[in-house]
Peer 1: 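Below is one structure. I have some questions about it.
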Amino acid sequence: GDSHGLRCKPQNDGDKEVFAMETFLWFALLVVFIWAEAATVNMVSAWFAIGSLASLITALLGGKMWLQVVIFLAVSGVMLALLRPVAKKYFTPKLTRTNVDALAGKTCLCVTAIDNLEGVGQVKIGDVEWSARSATGEPIPAGTEVKIDRVEGVKVYVTPVTVAVK
């Protein structure tokens, strides 16, 4: 019988045409999923490429279409469930705060008194002086060690860490 979902060699031209269409379908899907994976590098479609490959092999071995679809879904699902967590762990980039974002939390020295109402104040970060504002709105005298809370545009918002050195 034919109850196991396998066919013998294509017997007539109709069978050969169906066989060619099925193998082309799985090959095309395999190429599309590999291309999508290469384009995204997010491990999104690798599982489906593997499922397509399994179904292509099933088609080449003479498996009926329903079996090819079941193989595709099963293999893709199993690969997704088993390997995605592992892949996510190894392929997710570690985000490192850079440039301006890395300033938040650092301490620096207030070099010009900070007064939000007058719109004045500067701090020195490394060798560079930045416009500064008080994060609390309270004036901060020059000579005060301050902590950078956030950066907005070209201004840093700071809070005092120590009292000004007179």
Side-chain angles (χ1 to χ4, degrees), residues 1-108 116 123-137 145-159 161:
D2 203 29
S3 61
H4 298 295
L6 294 176
R7 291 185 292 241
C8 295
K9 291 187 288 188
Q11 299 297 317
N12 57 44
D13 288 341
D15 284 348
K16 287 178 184 171
E17 196 173 294
V18 168
F19 177 78
M21 272 188 350
E22 291 171 356
T23 54
F24 176 77
L25 167 75
W26 294 115
F27 181 75
L29 284 173
L30 176 64
V31 169
V32 166
F33 289 129
I34 289 172
W35 179 83
E37 188 60 44
T40 62
V41 299
N42 277 338
M43 295 302 285
V44 173
S45 58
W47 333 110
F48 305 114
I50 295 167
S52 297
L53 178 62
S55 293
L56 174 62
I57 292 167
T58 303
L60 291 171
L61 292 175
K64 289 194 173 195
M65 189 62 183
W66 67 264
L67 181 62
Q68 296 168 32
V69 172
V70 168
I71 296 275
F72 172 77
L73 294 173
V75 170
S76 297
V78 167
M79 297 307 284
L80 183 64
L82 293 179
L83 297 179
R84 191 167 198 308
V86 174
K88 198 171 184 182
K89 179 180 175 186
Y90 288 103
F91 291 108
T92 301
K94 308 279 184 280
L95 297 178
T96 305
R97 294 193 318 169
T98 58
N99 303 336
V100 174
D101 293 330
L103 295 176
K106 291 194 188 267
T107 57
C108 56
N116 291 6
V123 295
K124 192 163 190 170
I125 305 169
D127 295 334
V128 181
E129 290 189 4
W130 283 67
S131 294
R133 298 295 176 263
S134 170
T136 63
E145 185 181 1
V146 293
K147 179 177 74 90
I148 301 168
D149 292 329
R150 68 184 188 277
V151 180
E152 289 184 13
V154 295
K155 289 185 181 73
V156 291
Y157 285 78
V158 297
T159 50
V161 175

Peer 1: Residues two or more places apart in sequence or in another chain: which of them pass side-chain contact (heavy atoms from CB on, under 4.5 Å) with Ile125?
Peer 2: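 With neighbours one apart ignored, the set is Leu103, Cys108, Val123, Trp130, Ile148, Val156.
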
Peer 1: Taking all atoms of both residues into account, what is the closest heavy-atom pair of Leu30 and Ala49, and its distance?
Peer 2: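 Shortest heavy-atom separation between Leu30 and Ala49 comes out as CD1-O, 3.1 Å.
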
Peer 1: Sequence neighbours excluded, which residues qualify as ring pair (Phe, Tyr, Trp, His ring centres under 6.0 Å) partners of Tyr157?
Peer 2: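 Counting only residues at least two positions away or on another chain, Tyr157 forms no ring pair (Phe, Tyr, Trp, His ring centres under 6.0 Å).
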
Peer 1: Could I get the full list of side-chain contact (heavy atoms from CB on, under 4.5 Å) partners for Leu29, not counting sequence neighbours?
Peer 2: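 So Leu29 forms a side-chain contact (heavy atoms from CB on, under 4.5 Å) with Leu25, Trp26, Phe33, Ser52.
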
Peer 1: Checking Ser131 now: which residues fulfil side chain to side chain donor-acceptor pair (under 3.5 Å) with it, not counting sequence neighbours?
Peer 2: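 Ser131: no side chain to side chain donor-acceptor pair (under 3.5 Å) contacts found.
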
Peer 1: Is the backbone N or O of Gly63 less than 3.5 Å from a side-chain atom of Thr58, with the two atoms forming a donor-acceptor pair by type?
Peer 2: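 No: the side chain of Thr58 does not pair with the backbone of Gly63.
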
Peer 1: Taking only residues two or more places apart in sequence, or in another chain, which ones meet Ser76 in a side chain to side chain donor-acceptor pair (under 3.5 Å)?
Peer 2: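 Scan of Ser76 (side chain to side chain donor-acceptor pair (under 3.5 Å), adjacent residues dropped) gives none.
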
Peer 1: Apply side chain to side chain donor-acceptor pair (under 3.5 Å) to Lys147 and list each qualifying residue two or more places apart in sequence or on a separate chain.
Peer 2: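 Partners of Lys147 under the side chain to side chain donor-acceptor pair (under 3.5 Å) test: Asp149.
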
Peer 1: Nearest 0.5 angstrom please: Trp47 CH2 to Glu37 CD, how far?
Peer 2: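 It comes to 7.5 Å.
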
Peer 1: Tell me every residue that passes side-chain contact (heavy atoms from CB on, under 4.5 Å) with Ile50, counting only those two or more places apart in sequence or in another chain.
Peer 2: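 Checked Ile50 against side-chain contact (heavy atoms from CB on, under 4.5 Å); matches are Val75, Met79.
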
Peer 1: Can you name the side-chain contact (heavy atoms from CB on, under 4.5 Å) partners of Leu60, sequence neighbours left out?
Peer 2: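 With sequence neighbours excluded, Leu60 shows a side-chain contact (heavy atoms from CB on, under 4.5 Å) to Phe19, Thr23, Leu56, given in chain and number order.
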
